[in-house]
Amino acid sequence: VSAKEKKRWTLNDFDIGKPLGRGKFGHVYLAREKRSNHIVALKVLFKSQLQQSQVEHQLRREVEIQSHLRHPNILRLYGYFYDQKRVYLILEYAAKGELYKELQKCKYFSERRAATYVASLARALIYCHGKHVIHRDIKPENLLIGAQGELKIADFGWSVHTFNRRRTMCGTLDYLPPEMVESVEHDANVDIWSLGVLCYEFLYGVPPFEAKEHSDTYRRIVQVDLKFPPKPIVSSAAKDLISQMLVKDSSQRLPLHKLLEHPWIIQNADPSG
Ligand SMILES: COc1ccc(C(=O)Nc2ccccc2)cc1NC(=O)CCSCc1cnc2[nH]ccc2c1
């Protein structure tokens, strides 16, 4: 289903399959586009709920942002259509499912798997930043796994163009960098912080600043209270990379292109991503 055809999609163009999950604004179903037999994920959003939460403009902006993003590690939004009550998003289907379920199952990933994922996410973020899009919500719940095992950034519910930086608190705090916790101006370097948090969680199975109370997590983040547990055994190269990303001063964080040259990535990431 290429977005080139500016055709008007309707529900009749699809056979609807099993439910894939329920998001905040609606349900997602496996679906097959009848003419091409192409398998997609169809996300159904209720207009009433979008109106209630005043997110229609955010959805419109997001569809606009997404329609220009083409990257193997970014879940595609092929198009959308609507009827009386609902808005339908035609999304890429990631055949190997949700990354966080895989992380829960494995407890933590090998250094090779973690480095491969981190490198592919870094390439996706370099691509986004090149288009002045910062994602700001990189966490396991927003990552899916494609048919070849490749990682896909899957949810842009909070992405913004860098020119209008809204500071809306969204979801878990674990991934928020100090400047967002202290809600000061922030820039694309927020994604480097989140990628560092993610790399830590891939290797240890828990995020670095996790605490029982929100207030404790806040404090640990703004103090960058970074500790590496004795188990599982993690290489010093991995710890070095994480320590260069989880830096309070966002301008001092390791730039993404430097990350791709870091010894731990060079030695462990599978080049195909
Ligand atoms: C590019 O992606 C997206 C773009 C936009 C939105 C969205 O809802 N935007 C929004 C909504 C309302 C207000 C403002 C903005 C969501 C996504 N992405 C997902 O929702 C991921 C899981 S759905 C797909 C999918 C695929 N492949 C799978 N394999 C297993 C499960 C699964 C699930």
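Remember, it's a predicted structure, so these values are computed and weren't measured experimentally. In listed order, ligands and their atoms are each counted from 1. Nothing fancy with the numbering, it's 1 onward along the sequence.
We find that Asp13 and Arg35 are joined by a salt bridge, their nearest charged nitrogen and carboxylate oxygen being less than 4.0 Å apart. Ion pairing between a basic and an acidic side chain is recognised when a charged N comes within 4.0 Å of a carboxylate O; Lys227 and Asp225 show such pairing. Salt bridge status for Glu102 with Arg113: present, with a side-chain N to carboxylate O gap under 4.0 Å.
Only the side chain of Leu50 comes within 4.0 Å of ligand 1, judged by heavy-atom distances. The proximity of Leu89 to ligand 1, defined as any non-hydrogen pair under 4.0 Å, is limited to the side chain. The side chain of Leu144, and not its backbone, has at least one atom closer than 4.0 Å to an atom of ligand 1 (non-hydrogen atoms only; side chain from C-beta on). The part of Val28 lying near ligand 1 is the side chain, judged by heavy-atom distances below 4.0 Å.
Counting atoms of ligand 1 from 1 in the listed order, those under 4.0 Å from a heavy atom of Ala41 are 24 (C), 25 (C), 26 (C). Contact atoms of ligand 1 toward Leu75: 1 (C), 2 (O) (distance under 4.0 Å to a heavy atom of the residue). Taking every non-hydrogen atom of Glu92 and a distance limit under 4.0 Å, the qualifying atoms of ligand 1 come out as 26 (C), 27 (N). Atoms of ligand 1 lying under 4.0 Å from at least one heavy atom of Gln66, given by number and element, are 1 (C). Below 4.0 Å from some heavy atom of Glu62 lie the following atoms of ligand 1, by number and element: 4 (C), 5 (C), 6 (C), 7 (C), 9 (N), 10 (C), 15 (C).
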### Task
Could you give me the CA-CA distance, side-chain angles and deciding distance for Leu246 and Val197, then say whether side-chain contact (heavy atoms from CB on, under 4.5 Å) is met?
CA-CA 7 Å; Leu246 300 182; Val197 173; 3.8 Å; yes
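Judged purely by distance below 3.5 Å, without hydrogens or angles, the side chains of Asn37 and Glu33 never pair a donor atom with an acceptor atom. With no hydrogens or angles considered, a side-chain donor-acceptor pair links Arg86 and Tyr88 at under 3.5 Å. Side chains of Glu210 and Thr217: no donor on one and acceptor on the other come within 3.5 Å. A donor and an acceptor atom, one from each side chain of Asn142 and Tyr100, are nowhere located under 3.5 Å apart.
Taking each of Gly97, Pro19, Ala95, Ser53 in turn, the one with a heavy atom nearest to atom 30 (C) of ligand 1 proves to be Gly97.
When only interatomic distances are considered, the shortest N/O to N/O separation between Ala154 and ligand 1 falls below 3.5 Å. In terms of polar-atom proximity, defined here as any N/O pair under 3.5 Å, Lys43 does make such a contact with ligand 1.
Cation-pi check for Arg76 over Tyr78 is not met; the charged atom does not lie both under 6.0 angstrom from the ring centroid and within 45 degrees of its normal.
Residue-ligand proximity: Gly21 is placed with every non-hydrogen atom at 4.0 Å or more from ligand 1.
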